[in-house]
Structure formats: structure tokens, C-alpha cells
Protein chains: 2
Amino acid sequence: MDEKTLRIGQLAGLAGVSQDTLRFYEKHGLLNPQLRSEAGYRLYSPADAQRVSFILSAKRVGFTLNEIHDLLALEVTRDEKSCEDVKRFVDEKLITVNQRIQEMQRMKNSLQTLSNACCGGDEPATHCTILEVLSAHGDAELNLQGAV
Amino acid sequence: MDEKTLRIGQLAGLAGVSQDTLRFYEKHGLLNPQLRSEAGYRLYSPADAQRVSFILSAKRVGFTLNEIHDLLALEVTRDEKSCEDVKRFVDEKLITVNQRIQEMQRMKNSLQTLSNACCGGDEPATHCTILEVLSAHGDAELNLQGAV
DNA sequence: GTTGACTCTAGACCTTACTCTAAGGTTTAT
DNA sequence: ATAAACCTTAGAGTAAGGTCTAGAGTCAAC
Ligand SMILES: [Zn+2]
Ligand SMILES: [Zn+2]
Ligand SMILES: [Zn+2]
Ligand SMILES: [Zn+2]
């Protein structure tokens, strides 16, 4: 009842991950709750909870744990790094995110086109293929040369 | 010189993946080039190439190989499946993609805010933290209850 | 005062998606 | 006709991100 701290099971429940996952993140330096109960139980502060939330969010948008580690490290190392470094790093990530958004948008369009074209009835779906849609209005997906 | 077929190294080069990766996809049913040269070399048709392109695109937007397999399977099984099935499946994926786009958009905003706030100079970056930004205009990232 | 829910550590194990190795056959160029 | 570059298979190895197990302490409640 110290403060508004959470034990591992509570935070895991709220965040929708396992306790093991939280310990795993800690072991890999993404998380580092400062408090322990007398019995040695981890006690997570609201800031810790926010951190978890950020990790999961970043993961869902496609960052690896290593990248997330670097993003979070801005907090810890910020007086060892210059603003120049920070800005360069963040702007790099921004480019990545923008590219992913564009690709997602294309995928969305393809799926939407397929969905629209499909009558949704219960006859055999002889006319329904993702690849057919892609080749029909086939932009973006054929540019093999565009690959990195 | 049959047609415009590609050997594995050529397709791998164009697609920006390894030959092993193409064979791996084949082994796992995502790809299945019909032709072989007399010597037993795989010969990929333009349709195969398109398929590869789709796989990579789908992967980049966050689908697993299993999910991609299912998307591609629409082609193969389409006269065993009803339009109803296809539409349900695709609409499900659409929801996923839309959610990811939204989350990416939020991440983009956070990074953009951080980038804007950062002067980019070479003094210590004491004021530059992703978590600070998130807590400052902190929507979306605190809703632990919103987790699945 | 013990049952049941919760937590701890250390370490083995798992899945996904490749990546590499070994041992060999093919094609092209000189 | 032989090297260099390409392809084949089967199977082992790797990295990321967990997940599970064992063995033990803790805490609330009946
Ligand atoms: Zn249909
Ligand atoms: Zn139909
Ligand atoms: Zn700055
Ligand atoms: Zn600055």
C-alpha cells in the first residue's frame, strides 16, 4: 500500500502479457522496476507501467526489442547524448514508420478491393483471389526491382 | 529460353532475399514453381515472381508466414470455399490492418513530436525522451486496460 | 495452521523465420 | 577441359521472443 505500485501479476493482467514476458523484458534491459517488497516481489510504478505500454505499442508497429531498447535508452543516456544524435536517431525511425504506413495502406487497399469485389454469397468463390486483385489494379506489388 | 522464367538466383536477386529463403517458402507451401529445367533447376514464372513480391509485402506489414499462407490459399482453394468464407476472412484481416495503421500513426505522431521538440544541436539532450513526449501529450499509451 | 493464490530464481524448451554446411551435379567462359 | 559460377538435396545451426518447469518462499483466508 506504499503507493500505486503493481505486482507482476497485476501489471501482466493489465498489459495482456505473461509474467514471464515482463521478467524477460527486465532481463533484457527494457524494464527495470526499482522497488521490491520485503519478500522480494517486484513492485511496478506507474512509470514502469507506462514503459510496458510503450514497449507493446512499439512492438505492434514493428520495432524489434532491440530497437525499442534504443528508443527507451534515450531516457537513460540523454545527458550523454547530444540533441543532434537524438534527432538523427528519431528521424531515422520516422522514415521507417512512414514507409511501413505506406505499405500498410497499399495492403489495406488490396484487401478492401478484394472485399468489395466479393459478393459474400455462399456460392463457390471462383472469382476471389488476393493475387487476382493485385494483378488487376496491380501497382506496388510487381516492382521487384523496388526491393532493397 | 522457354519463356520469361527466372532461375532461383535471379529471382532472389530481384526480390532481395536469399535463395535459401525462396526454397524455405516453397518447403512451407507459400510458393510452388511448377517448372524445372532438365537439370532440375527451379524455373519461376512471372506469376511466381508476383507471389514472392506479395509475400514480402505482406510480411512487411506484419503478417506471419502462416497468415500469408492463408491469404494465398484463397487462390488454391477458391472453388472449395464460398464467397462468404472469403469475405469474412478478408474483412478480419482488414480490421487487423486498420488497427495497425492507427497504431503506426500514433507512433509516428510521438516520434514527430519528439523530433520537432528536439533542437538538434550538440548540447546534451537533457530534454529529449520518447517517454516524456508520450506522457506530455500522452494519449493512447496509457490505456493499459485497452490491451487485449 | 494449512490450503490456495501469488511470487521468486535458474535454466530448459519452444516457435518462427531463416541461414549455413556438406557433398555433389550443371553451365559458361576461356 | 577445367575453372568459376550456378544449381540440387538433406539436415544442422542460429537469433528473436518468448514459454514452461522445478523447487521454494510469501500472503490471505478459512
Ligand atoms: Zn467472392
Ligand atoms: Zn461471389
Ligand atoms: Zn534534443
Ligand atoms: Zn536540444
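Every chain is numbered from 1, with letters handed out A, B, ... down the list of sequences. Only heavy atoms go into these numbers, but all of them, side chains included; no hydrogens, no water, no symmetry mates.
Taking only side-chain atoms of Y41(A), from C-beta outward, the nucleotide of dG25(D), dT9(D), dC7(D) with the closest atom is dG25(D).
With hydrogens and angles ignored, the 3.5 Å screen pairs a side-chain donor or acceptor of H28(A) with a backbone N or O of F24(A). Formation of a donor-acceptor pair under 3.5 Å by the N116(B) side chain with backbone atoms of T113(B) is not found in this model.
The distance from atom NZ of K59(A) to atom P of dG17(D) is 7 Å, rounded to the nearest whole Å. Rounding to whole angstrom units, CD1 of residue I8(B) and P of dA5(D) are separated by 19 Å. Between the CG atom of L43(B) and the P atom of dC7(D) there is a distance of 10 Å, rounded to whole Å. Atoms CZ (R36(A)) and P (dG25(D)) sit 17 Å apart, rounded to a whole Å. Atom CD of E67(B) and atom P of dT16(C) are 11 Å apart (whole Å). Rounded to whole angstrom, the span from the CZ atom of R60(B) across to the C1' atom of dA17(C) amounts to 16 Å. Put simply, NE2 on H69(A) is 12 Å from P on dG17(D), counting in whole angstrom units. Q10(A) has its CD atom 13 Å from the C1' atom of dC27(D), to the nearest Å.
From L31(B), atom CG reaches atom OG1 of T21(B) across 11.0 Å, with rounding to the nearest 0.5 Å.
Across all strands shown, Q19(B) has heavy atoms under 4.0 Å from sugar-phosphate atoms exclusively, and none from any base. T64(A) comes within 4.0 angstrom of sugar-phosphate atoms only, judged by non-hydrogen atoms across all strands, and of no base.
Grouping the Ile, Leu, Val, Met, Phe, Trp and Tyr side chains by contacts below 4.5 angstrom, directly or via other members, places L65(A) with L11(A).
The minimum heavy-atom distance linking Q10(A) with T5(A) is given by the pair OE1-O, 4.4 Å. The minimum heavy-atom distance linking A12(B) with S18(B) is given by the pair CB-C, 3.9 Å.
Of the residues in residues 21-33 of chain B, those with a non-hydrogen atom less than 4.0 angstrom from any atom of DNA chain C are T21(B), F24(B), Y25(B).
Screening residues 89-101 of chain A for salt bridge (charged side-chain N to carboxylate O under 4.0 Å, His left out), with sequence neighbours left out, gives E67(A)-K93(A).
Residue R42(A) has a polar side-chain atom (N or O) positioned under 4.0 Å from OP1 or OP2 of dT9(C).
Take the nearest nucleotide of DNA chain D for D20(B) and for R7(A): the residue whose nucleotide is more 5' is D20(B).
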